[in-house]
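A short worksheet on the structure shown next.
The first residue in the sequence is number 1, and the count goes up from there. When a ligand or atom number is given, it counts from 1 through the structure's own listing order.
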Amino acid sequence: MTEKHIKLGLFGFGCVGQGLYDVLNHSEGLKADIEKICVKDKNKKRKIASKYFTYDKEDILGNNKLDVIVELIDNSADAYEIVSRALSKGVNVVTANKKMLAENFESLYQLQEKNNVALIYEGSAGGSIPIVRNLEEYYDNELLSSIRGLLNGSCNYILTRMELENMDYGKALKMAQESGFAESDPWLDVAGYDTLYKLILLTVHAFGIILKPEQVLALGIQNITFDDITYAKEKGLRIKLIATAHKVGDKFRVYAMPHFVNKESDLYNVLYENNGVEVEGAYSCKQTFVGKGAGSHPTGSAVLSDISALTYQYKYGYKKLKKMEAYHKGKVDSAKFLDNDFEIKVYIRFSHKDDLKGIEVVSIEEEFKSAKTNYIVANVKFKSLFFLKGNRDSKLFVCAV
Ligand SMILES: NC(=O)c1ccc[n+]([C@@H]2O[C@H](COP(=O)([O-])OP(=O)(O)OC[C@H]3O[C@@H](n4cnc5c(N)ncnc54)[C@H](OP(=O)(O)O)[C@@H]3O)[C@@H](O)[C@H]2O)c1
């Protein structure tokens, strides 16, 4: 427990910023004062006194008396500018911005090394589940073979409401937004990008490779219908948007897409906005972490824990990354370790056969045609699914079997 009051500069006072404010006010151990909060909209009504707020980022970035800068805004480019300037000045930063981190990981890693400064981001993946620090510290010497998880609270919430309450997709998405689980741009959630960004962060800490978002496949749930839910139910399965990174030989298969999950899986009963992460290692075997994956207070609590960690000079050691660099005698070209060249069994629901153009089907195991819906269960070339990533025109629903 520290006696010193640490001084915080906060960017963003939305869902997570306000959550942090609440949990900080109820914290019994950590003594931290928010000196200033930088926000964007001058006309917005605020819950706390106006003296806290500024609209000029220099009021925080130019203040040399701050101990920590906490970045909780919803814009990746602005966040990168804020975070990189703070790190360059030697100021420790806490963020929950997975998009900004995943898009700029290599340069943010270099900035930390160069300036001997900490950038920590537990709230950016898995919400309140302490997965980043566990991968970094607990599994530092474990030979991990796989991480697999439900990392997006909004998608899991939508899928659960559709399956258990027959709720329409649009209504479930709206409720996720109203509850503060969804990103400001919900496309990032439902098209699988948010899951992808988190997966990229976990892959750094689990395996020591820095992948770029454009190298990794992400498919979402934006085209799901009750036909897909019914198909799964009839087989005793649930549909979950799953991020996976697993080792095959000396390469890694890393992707995020819907999967059918059976009752034996620990992830089957992870419902609503909860997240779950399975970590599998050579000696530790399989362990599953479950907890609130999104929302104001759970994420605020992860941010608070990061601020607290900074009071005892915590920073990520990037142990797996450094081991890779030491083994390969320098910077690692992570793309060389990514395997996108394999076959995968998928369920594909479609309206017209032409919609399947572009997907390299190796063999079909099941086929169903009706006036209302069509699907195939087929082995396909994984690489050929990339054209569906972020494709707003396609109406296909693709789910790993
Ligand atoms: N919501 C969750 O459950 C959750 C969970 C994990 C991680 N995250 C991450 O946490 C971050 C914040 O998410 P959120 O849900 O709290 O977003 P939010 O509710 O939309 O709030 C965003 C805040 O950022 C401020 N802002 C935007 N651009 C700014 C700029 N250039 N300078 C200063 N302030 C700026 C906004 O100002 P105004 O108030 O003036 O509009 C607002 O206060 C995001 O990176 C998100 O991915 C969210």
Inset, instruction - Give me the ring orientation class for Y314 and Y316: parallel if the planes are under 30° apart, tilted from 30 to 60°, perpendicular past 60°. - result: perpendicular
Legend entry - Atoms in ligand 1 flagged as close to A294, the criterion being non-hydrogen separation under 4.0 Å: 3 (O)
Legend entry - R46: numbered ligand 1 atoms lying under 4.0 Å from its heavy atoms: 38 (P), 39 (O), 40 (O)
Legend entry - Flag: protein heavy atom within less than 4.0 Å of atom 44 (C) of ligand 1: yes
Legend entry - Ligand-side contact atoms (ligand 1) for residue partner G123, heavy atom cut-off under 4.0 Å: 6 (C), 7 (C)
Inset, instruction - Considering only NZ, NE, NH1 and NH2 on the basic side and carboxylate oxygens on the acidic side, decide whether R85 and E58 come within less than 4.0 Å. - result: yes
Legend entry - For D78, atoms of ligand 1 separated by under 4.0 Å from a heavy atom: 31 (N)
Legend entry - Close approach of S124 to ligand 1, heavy atoms, under 4.0 angstrom: no
Legend entry - Polar proximity ligand 1 side, G17 side, N/O cut 3.5 Å exclusive: no
Legend entry - K240/E163 salt bridge by N-O under 4.0 Å criterion: no
Inset, instruction - Considering the heavy atoms of L72, write down every atom of ligand 1 situated less than 4.0 Å from one of them. - result: 12 (C), 23 (C), 24 (O)
Inset, instruction - Would you please classify the geometry between the H259 ring and the Y255 ring as parallel, tilted or perpendicular, with 30° and 60° separating the classes? - result: parallel
Inset, instruction - Compute whether any side-chain donor of one residue and acceptor of the other, for Y169 and Q222, lie under 3.5 angstrom apart. - result: no
Inset, instruction - Please identify which atoms of ligand 1 are closer than 4.0 Å to at least one heavy atom of G12. - result: 23 (C), 24 (O), 25 (C), 43 (O)
Inset, instruction - Look at ligand 1 and say whether G127 reaches it with a heavy atom at a distance under 4.0 Å. - result: no
Legend entry - Distance filter under 4.0 Å to S184 heavy atoms, resulting ligand 1 atoms: 20 (O)
Legend entry - Atoms of ligand 1 close to N97 [distance to a heavy atom under 4.0 angstrom, numbered from 1]: 45 (O)
Inset, instruction - Look at the aromatic rings of Y231 and F260 and report parallel, tilted or perpendicular, splitting at 30° and 60°. - result: tilted
Legend entry - Pairing of E367 and K353 as salt bridge, 4.0 angstrom limit: yes
Inset, instruction - Measure from NZ or CZ of R253 to the centre of the six-membered ring of F342, then state whether that distance is under 6.0 Å and the direction lies within 45° of the axis. - result: yes
Legend entry - Proximity to ligand 1 by part of K44, non-hydrogen separation under 4.0 Å: side chain
